[in-house]
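Heads up, the thing below is written out as structure tokens.
Numbered from 1 within each chain, the chains take letters A, B, ... in sequence-line order.
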Amino acid sequence: MHRKYVIIGNSAAAVGAVEAIRRNDRNGSIVIFSKESQSTYSRPLISYYNQGKVGRESIYFRPDDFYEKNDCDFRPGTSVVKIDIHSCTITTDSGSDEKYDRLLIATGSEPVVPPFPGLDTVSNVRTYTSFDDALALEELISSGLSRVLIVGAGLIGLKCAEGISKKADVTCVDLSDKVLSSILDDVSSDLISDHIRSNGIKLVLGNAVKAFSGNKAELADGSRIDFDVLVIASGVRPCASLFKNAGGLTGKGIIIDDHCRTSAENVFAAGDCVESVDMSTGKYKVMALLPNAYMQGECAGSNMSDTECVFNKAIPMNALTLFGLHILTAGSYTGEVSDDSEGNDIRRFYHSDNRLNGYILISNIDKAGIYTSMIRDRVPLDTIDFGLVRKAPGLMAFGRVYRDKTLGGKS
Amino acid sequence: MKRVYVNEEWCLGCHLCEYYCAFAQTNETDIARALKDKVIKPGIRVEEHNGICFAVSCRHCEEPLCAKSCITGALTVVSGIVSVDTEKCIGCYTCILNCPYGAISPSDKGAILKCQLCSDNTHGSPACVKGCPNKAIVFEERGM
């Protein structure tokens with residue numbers, strides 16, 4: 001049977017799906033709709049592009065022949081405006097309809113832009129989640145507009161700050177008094193703030209932008225900041241409205257099960273647009289991260305092409321480098337904390353009920369994946385030498401039976 | 001596919017595997033000249049504790065979490081070997097965040113470093129195995 005797969009979106013989740021579908025089905029047709037004009041590129045690389053560490057040609061997530069090799073009908077610059085889950089049809093912005101046998105919604109996330117009073121009086125406002133944003137910012141800065149105000153000191157704001165710091169005078173404002181509050185705890189956050197300041201970024205924390213008037217920001221404490229370019233980096237939210245409007249089940253994102261199925265028959269979803277179970281807490285959560293996106297996309301693609309696949313190992317995780325300092329984190333920061341830090345070498349482990357829930361490593365990140373797998377696989381801590389593995393990450397702590405299986409190849 | 005397997009009880013903790021790995025990466029012909037006064041960065045690393053020792057290198061997983069997590073597309077599976085394109089790799093360490101065996105490490109060149117079973121150098125088959133004096137690591141097909 002010739003099956004028609006339709007994919008809305010063109011980032012990691014879409015790529016994961018295409019690669020899985022083509023492992024199982026060489027004959028079905030795959031149509032990919034992307035509102036952007038580029039071939040699939042790595043979104044996290046945009047700050048590396050601004051920094052000059054990645055060239056324009058190296059931002060792409062897959063080789064040039066990806067669509068051709070996987071026999072995909074790629075339609076860039078085409079938005080999908082409607083899904084009809086009853087007639088199995090999608091409608092594009094040009095008004096044309098497309099039927100699907102299996103649909104993947106991989107629409108990603110969109111930047112949150114709070115309704116600041118006076119925002120419409122500001123010239124040169126950007127968000128920072130797409131390659132177009134990176135290109136636009138580069139152009140503005142190189143035209144001599146060098147004072148950049150970034151609203152938000154989270155992942156997006158700080159990577160943006162790092163990306164442009166050599167060419168611009170950067171101030172970063174956040175209403176939280178901690179940077180990276182979504183991925184760090186208070187202790188580790190303070191260390192990072194100091195590090196960022198020592199690299200020339202002005203951080204204004206615990207202070208909110210109240211309003212803009214022209215290219216001037218008024219803050220809650222009454223102070224003012226003049227700027228040339230404004231970057232809104234106040235987080236992202238899942239692009240779930242297409243599916244919601246179609247009558248599908250959504251929370252903050254599109255709700256999926258461990259097969260990446262949605263509430264609608266033959267409709268799957270993956271990546272930043274979904275809400276799925278976080279293994280580290282057992283609760284539904286939006287985990288907008290590239291590794292989860294790829295693996296959910298792959299799982300969806302596999303199930304769409306009739307090869308059963310379960311993906312139930314999603315956890316929050318981040319590998320981040322800021323001005324040369326490496327930060328690796330995973331899981332959730334709940335339970336008791338064991339702190340094995342020494343100076344600026346931060347090692348903090350959160351655990352409860354005999355399980356590791358989360359960790360934060362800064363500076364020495366060697367073998368961090370061993371901790372990630374302990375969270376993902378819910379390894380009972382009393383079956384390993386937890387004290388040893390915290391200080392000396394390795395398979396030593398896991399005992400002979402585990403090693404004979406994983407390293408020795410014995411079943 | 002042939003992989004490197006560990007016979008833990010035979011490991012002497014001599015670290016020769018690490019030296020042979022580092023040597024293989026240099027593509028030089030003389031191990032002494034290649035490594036003299038160098039801090040080595042091997043793709044295989046010996047763990048030691050309380051008299052127990054064993055060597056750990058990439059398992060070339062059938063379902064490689066490192067490659068699936070790679071944000072640039074630098075990590076791919078080439079004929080079963082999990083391989084890194086060091087030109088494309090930006091050293092973000094998302095793979096290190098995901099490898100359950102601790103088998104990937106930062107390189108000195110801003111990318112990552114991992115075992116590619118010597119498919120990427122002149123040795124052709126794993127130099128660590130050839131250099132192991134006690135068959136504590138072997139290169140075998142075990143149908144896994």
Side-chain angles (χ1 to χ4, degrees), chain A residues 12 15-16 19 40-45 48 51 53-54 58-63 66 289-292 294-295 297-298 313 317-321 326-330 361 365-374 376-377 385 388 392-397 400 403-404 406-411, chain B residues 2-11 44-50 52-59 61 63 65-74 76-77 85 87-106 110 112 136-138 140-144:
Chain A
V15 170
E19 290 176 348
T40 185
Y41 66 91
S42 171
R43 231 162 263 284
L45 288 188
Y48 292 84
Q51 213 177 349
K53 283 196 170 177
V54 161
S58 304
I59 197 151
Y60 296 101
F61 190 50
R62 287 296 181 265
F66 174 77
L289 315 155
L290 194 146
N292 285 338
Y294 182 87
M295 288 188 262
E298 186 185 40
K313 304 263 175 175
M317 58 163 110
N318 279 284
L320 173 71
T321 301
H326 301 294
I327 306 164
L328 264 58
T329 68
L361 298 184
I365 50 80
D366 194 28
K367 302 185 186 181
I370 291 175
Y371 304 129
T372 310
S373 72
M374 286 165 60
R376 206 157 28 205
D377 298 335
D385 188 338
L388 175 69
L395 302 181
M396 188 64 76
R400 186 67 191 269
R403 291 198 299 274
D404 276 348
T406 53
L407 303 179
K410 294 170 190 156
S411 48
Chain B
K2 282 172 94 172
R3 287 184 166 82
V4 174
Y5 292 102
V6 176
N7 293 320
E8 184 171 321
E9 64 274 25
W10 293 344
C11 180
I44 187 166
R45 290 189 286 170
V46 175
E47 288 191 30
E48 287 177 291
H49 181 68
N50 281 350
I52 298 170
C53 50
F54 51 87
V56 182
S57 58
C58 174
R59 311 320 299 151
C61 305
E63 298 283 332
L65 289 173
C66 57
K68 290 173 196 248
S69 302
C70 178
I71 69 163
T72 62
T76 55
V77 182
D85 175 347
E87 292 295 309
K88 201 160 174 52
C89 175
I90 47 150
C92 71
Y93 304 160
T94 306
C95 51
I96 295 177
L97 177 71
N98 278 280
C99 173
Y101 308 112
I104 303 177
S105 47
I112 52 122
I137 40 175
V138 292
E140 289 175 2
E141 170 76 61
R142 292 195 183 169
M144 292 180 65

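The shortest heavy-atom contact between A:L407 and B:R59 is O-NH2, 2.9 Å. Nearest heavy-atom pair across B:P106 and A:I365 is CG-CD1, 4.2 Å. Summarising the geometry of A:M295 relative to B:S69, their closest heavy-atom pair is CE-OG, 3.7 Å, with the distance given to 0.1 Å.
Of the two parts of B:C99, only the backbone, made up of N, CA, C and O, holds a non-hydrogen atom closer than 4.5 Å to a non-hydrogen atom of chain A. Residue A:L289 does not touch chain B at all, counting heavy-atom pairs closer than 4.5 Å. For chain A, the nearby part of B:C70 is the backbone; its heavy atoms alone come within less than 4.5 Å. The part of A:Y48 that comes within reach of chain B is its side chain, from C-beta onward, which places non-hydrogen atoms under 4.5 angstrom from that chain. The contact between B:K88 and chain A is made entirely by side chain atoms (from C-beta outward), counting heavy-atom distances below 4.5 Å. Of the two parts of A:E19, neither the backbone nor the side chain holds a non-hydrogen atom closer than 4.5 Å to a non-hydrogen atom of chain B. With a threshold of 4.5 angstrom between heavy atoms, B:V4 approaches chain A through N, CA, C or O but not through any side-chain atom. Proximity to chain B is limited to the side chain of A:S373, based on heavy atoms less than 4.5 angstrom apart. Contacts between A:N318 and chain B at a heavy-atom distance below 4.5 Å involve the backbone alone (N, CA, C, O). Contacts of B:A74 with chain A are absent, with no heavy-atom separation under 4.5 Å from either backbone or side chain. Within the 4.5 angstrom heavy-atom criterion, only backbone atoms of B:E48 (N, CA, C, O) approach chain A.
When each of A:A12, A:A319, A:S58, A:G16 is scored by its heavy-atom pairs under 4.5 Å with chain B, the top score falls to A:A319. When B:I104, B:V138, B:V6 are compared by the number of non-hydrogen pairs under 4.5 Å with chain A, B:V6 comes out ahead.
A heavy-atom distance below 4.5 Å is not found between the side chains of B:T94 and A:L290. Taking 4.5 Å as the limit, some side-chain heavy atom of A:R376 sits within range of a side-chain heavy atom of B:L65. Looking at heavy atoms from C-beta onward, B:I71 lies out of side-chain contact with A:R43 at the 4.5 angstrom threshold. In this structure the side chain of B:C92 never reaches within 4.5 angstrom of the side chain of A:L45, judged on heavy atoms. Between A:R400 and B:E9 the shortest side-chain heavy-atom distance falls below 4.5 Å. Taking the side chain as every heavy atom from C-beta outward, A:D366 and B:R45 approach each other to under 4.5 Å. Residues A:M317 and B:N98 are in side-chain contact: their nearest non-hydrogen atoms beyond the backbone lie under 4.5 Å apart.
Residues passing the side chain to side chain contact (heavy atoms under 4.5 Å, CB included) test with B:E47 are A:K367, A:L395, A:M396, B:F54, B:V56, sequence neighbours excluded. In this view, B:Y93 satisfies the side-chain hydrogen bond (donor to acceptor under 3.5 Å, both in side chains) rule with no residue, not counting sequence neighbours.
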**Report entry** Pair B:I96-A:H326, side chain to side chain contact (heavy atoms under 4.5 Å, CB included): steps then yes or no
**Finding:** CA-CA 11 Å; B:I96 295 177; A:H326 301 294; over 6 Å; no
Report task. Run the numbers on B:I90 and A:K53 for side chain to side chain contact (heavy atoms under 4.5 Å, CB included), then give the verdict. Result -> CA-CA 8 Å; B:I90 47 150; A:K53 283 196 170 177; 5.6 Å; no
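If you take OG1 on B:T76 and CZ on A:R62, they are separated by 8.5 Å, rounding to the nearest 0.5 Å.
Here the side chain of B:R142 pairs a donor or acceptor atom with the backbone of A:G408 at under 3.5 angstrom.
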